[in-house]
> 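Quick one: the structure is below, and I'll ask about it shortly.
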Amino acid sequence: MSAQLRLYNTATREVADFKPLVANKVGIYLCGATVQAAPHIGHIRSGLNFDILRRWLTATGYDVTFIRNVTDIDDKILHKAVHEEIPWWAVAAKYERAFSDAYKALNVLPPTYEPRATGHMTQMVELMQRLIDNGSAYAPGNGDVYLEVRKLKSYLTLSNQKLDDLQSAEDADLTYKKDPRDFALWKAAKPGDPSWPTPWGAGRPGWHLECSAMAHAYLGESFDVHGGGLDLIFPHHENEIAQSQSAGWSFANIWMHNAWVTASGEKMSKSLGNSLQVHEILKKVRGIELRWYLGGAHYRSMLEFSFDALEESSVNFRRIEGFLKRATDLLGATPEGIISAGFTEAMNEDLAVPTALAVISEILKSGNTALAANDLDEVKRAASEIRGALSILGCDPFDPIFATDSSSSAETLDGLISLALEQRQAARARKDFAASDAIRDQLAALGVVIEDTASGTRWSIS
RNA sequence: GGUCGGAUGGCCGAGAGGCGAGGCUCAGGACUGCAAAUCCUGCCACACGGGUUCAAAUCCCGUUCCGACCUCCA
């Protein structure tokens, strides 16, 4: 059972064996950012959770094509452009950059392809043409194009809702829509708005069209996994399904949704302020620690954010890091990463990261014990298994992306501290503990922490 | 109104019929000149009320509270 990856599918509401459509290959489409504001930790959690999925699939031998789009044209971006008094495309570029920086800081791998909505207008127009031609969509003549949802019997099966149970929007305008629940594939241009030409008039895409068009462009009519946050199930993913299946494409095989980061029990939103933006939190903890925290909860569980919990998680991580550092010193080489059976079993069960962390804790314990006993084989095994696990979680401290800058002053620093440690050692040798402790305290005041071990004194910067 | 989650020890956070997840904190012990690091021991929890069962945190019924979505959302 441990050899078979099982994943939860929102569409069936159960965990089932993962069977790729094509042997040894996986196509994943993740709804990425609508680039209208700087990312908060909830946005980044989504990218992170799917990054772990992708790394796990890759590590277990799949050839993964991972698409994460950028939606760079939508209502909010236009509003923001007015507010910030810069062009809409400058808004999109600015926040796309902010997202890229955040992904990089948290070691979220770049997707195989990262398509932008504005780069796929042709594909969107083609899709609409197809939908109009087969009677699924209609253009009422005002420049809008709508999808007629009643024509698709499978509409709302992902969210398990009934069309007639939906509360219809109070401001639904039936001037052009046949049904208030029909949604806009395309919106007619308003004066001053950016627009692209179509056979039905100039305009811009509605929110959902771009994902169907881009998923089709890069992954074809059917693909393995479509992901996103829980809040995208309805309407975004339902509408993607509606468009794509109306076009005759079978679309995604498995739907995966990550849960939110909450604050005080509530879903994060802009009303909670900017303090939980990724770049703000990175002023307090390292990227690798933020990642360890955000990735540590199961992807389908809400993660209640607090700085206390973040700090606690960082303490735990530093312990693991400390072991790897000591093991590396003892072994005289960086351990290679290997994947242990326990870790595999946990990850294969719907990416049970919390269980995987328990596995890491056990390996850590035996590794530390082996370190004390100078059992090199066991130290090497433990360090390798831990490094292997950390690399899947994207938290490998030896990953160059997390490397602290090793400037030329590092050697000088090392020399200076060694000098102080030699003085301390001399004091200890003559049992002048007042002097030796004074040196230790002074170093501690500078942030240099000392540990006396059987093989000498180690130091690190806290 | 419809749909979907959740409530677990001081705190975080898994599990989903039996044999104490794990982490953090705290207390004690080992090691140490003292620290630090590490290891060991301790802290036997599952919102409430019924029920099923040899056995329920887990299944069933009911209740309370919290949250999410219903065309802006990761």
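We use all heavy atoms of the structure for the numbers below, so side chains are in, but hydrogens, waters and symmetry mates are not. Naming: A, B, ... by sequence-line order, numbering from 1 per chain. What you are looking at is a predicted structure, and each value in this text was computed from that prediction instead of being measured.
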> At less than 3.5 Å, do the side-chain atoms of A:R45 and the base atoms of B:rA74 form a donor-acceptor pair?
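Check fails, no donor-acceptor contact within cut-off.
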> Is any NZ, NE, NH1 or NH2 atom of the basic residue among A:D74 and A:K187 found under 4.0 Å from an Asp or Glu carboxylate oxygen of the other?
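Salt bridge between A:D74 and A:K187, a charged N being under 4.0 Å from a carboxylate O: no.
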> Could you state the atom-to-atom distance from CG of A:D350 to P of B:rA14 in whole Å?
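Distance check: A:D350 CG to B:rA14 P gives 12 Å.
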> Would you kindly give the CZ-to-P distance between A:R318 and B:rC24, to the nearest whole Å?
12 Å
> Using a cut-off of less than 4.0 Å, is there contact between a side-chain N or O of A:N160 and OP1 or OP2 of B:rC4?
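Checking A:N160 against B:rC4: at least one side-chain N or O falls below 4.0 Å of OP1 or OP2.
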> In whole angstrom, what separates A:F234's CZ from B:rC69's C1'?
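That distance rounds to 8 Å.
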> Which whole-number value in Å describes the distance from A:K177 NZ to B:rU71 C1'?
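Taking NZ of A:K177 and C1' of B:rU71, I get 7 Å after rounding.
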> May I ask you to check whether A:H237 and A:F251 place their ring centers less than 6.0 Å from one another?
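Here the rings of A:F251 and A:H237 have centres that are no less than 6.0 Å from each other.
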> NA contact type, A:V261, heavy-atom cut-off 4.0 Å: base, sugar-phosphate, or nothing?
base
> For A:L230 and A:T355, find the nucleotide of RNA chain B closest to each by heavy atoms; which residue's nucleotide sits nearer the 5' end?
A:T355
> Answer yes or no: is there a side-chain heavy-atom contact under 4.5 Å between A:L413 and A:W459?
yes
> Of all the nucleotides listed (B:rC24, B:rG33, B:rU71), which has the minimum atom distance to the side chain of A:F433?
B:rG33
> With salt bridge (Lys or Arg N to Asp or Glu O under 4.0 Å) as the test, pick out the partner of A:R6 among A:E14, A:E349, A:E345.
A:E349
> How many Å lie between CG on A:D452 and P on B:rA36, as a whole number?
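Distance, rounded to whole Å: 12 Å.
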> If each of A:A33 and A:S361 is mapped to the nucleotide of RNA chain B with the nearest heavy atom, which maps nearer the 5' terminus, i.e. the 5' end?
A:S361
> Roughly how far, to the nearest 0.5 Å, is CD1 of A:I44 from CG of A:L276?
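A:L276 CG to A:I44 CD1: 13.5 Å, rounded to 0.5 Å.
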> Within this structure, what is the NZ-to-C1' distance between A:K162 and B:rU71, rounded to whole angstrom?
20 Å
> Tell which nucleotide pairs with B:rG9, taking only Watson-Crick or G-U wobble pairs whose two distances are both under 3.5 angstrom.
none
> Starting at CD1 of A:I360 and ending at P of B:rC24, how long is that distance when rounded to a whole Å?
13 Å
> If you go through the side-chain atoms of A:D437, does one of them form a donor-acceptor pair with the base of B:rG33 closer than 3.5 Å?
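Yes, the side chain and the base share a sub-3.5 Å donor-acceptor pair.
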> Check whether any side-chain nitrogen or oxygen of A:T453 sits under 4.0 Å from OP1 or OP2 of B:rU38, and answer yes or no.
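No, A:T453 has no side-chain N/O under 4.0 Å of OP1/OP2 on B:rU38.
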> Hey, does the side chain of A:R319 come within less than 4.0 Å of B:rU38's phosphate (OP1/OP2), counting only N and O?
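Result: yes.
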> Kindly confirm whether the side-chain ring of A:W260 is stacked on the base of B:rA74, judged by centres under 5.5 Å and planes under 30°.
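A:W260 vs B:rA74: stacking no.
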> Looking at A:R440 and B:rC34, is any side-chain donor or acceptor paired with a base atom of the opposite kind under 3.5 Å?
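Pair found.
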> Looking at A:R428 and B:rG33, is any side-chain donor or acceptor paired with a base atom of the opposite kind under 3.5 Å?
yes
> Return the nucleotide paired to B:rG1: Watson-Crick means purine N1 to pyrimidine N3 with N6-O4 or O6-N4, wobble means G-U with N1-O2 and O6-N3, both under 3.5 Å.
B:rC70
> With ring centroids as reference points, do A:Y293 and A:F305 lie under 6.0 angstrom apart?
yes
> For nucleotides B:rA68 and B:rU63, find the distance between their P atoms and express it as a whole number of Å.
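So the two P atoms sit 22 Å from each other.
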> How close or far is atom P of B:rC72 from atom OH of A:Y95, stated in whole angstroms?
21 Å
> Tell me the partner of B:rA27, counting only Watson-Crick (N1-N3 plus N6-O4 or O6-N4) or G-U wobble (N1-O2 and O6-N3) with both under 3.5 Å; none if nothing fits.
B:rU41
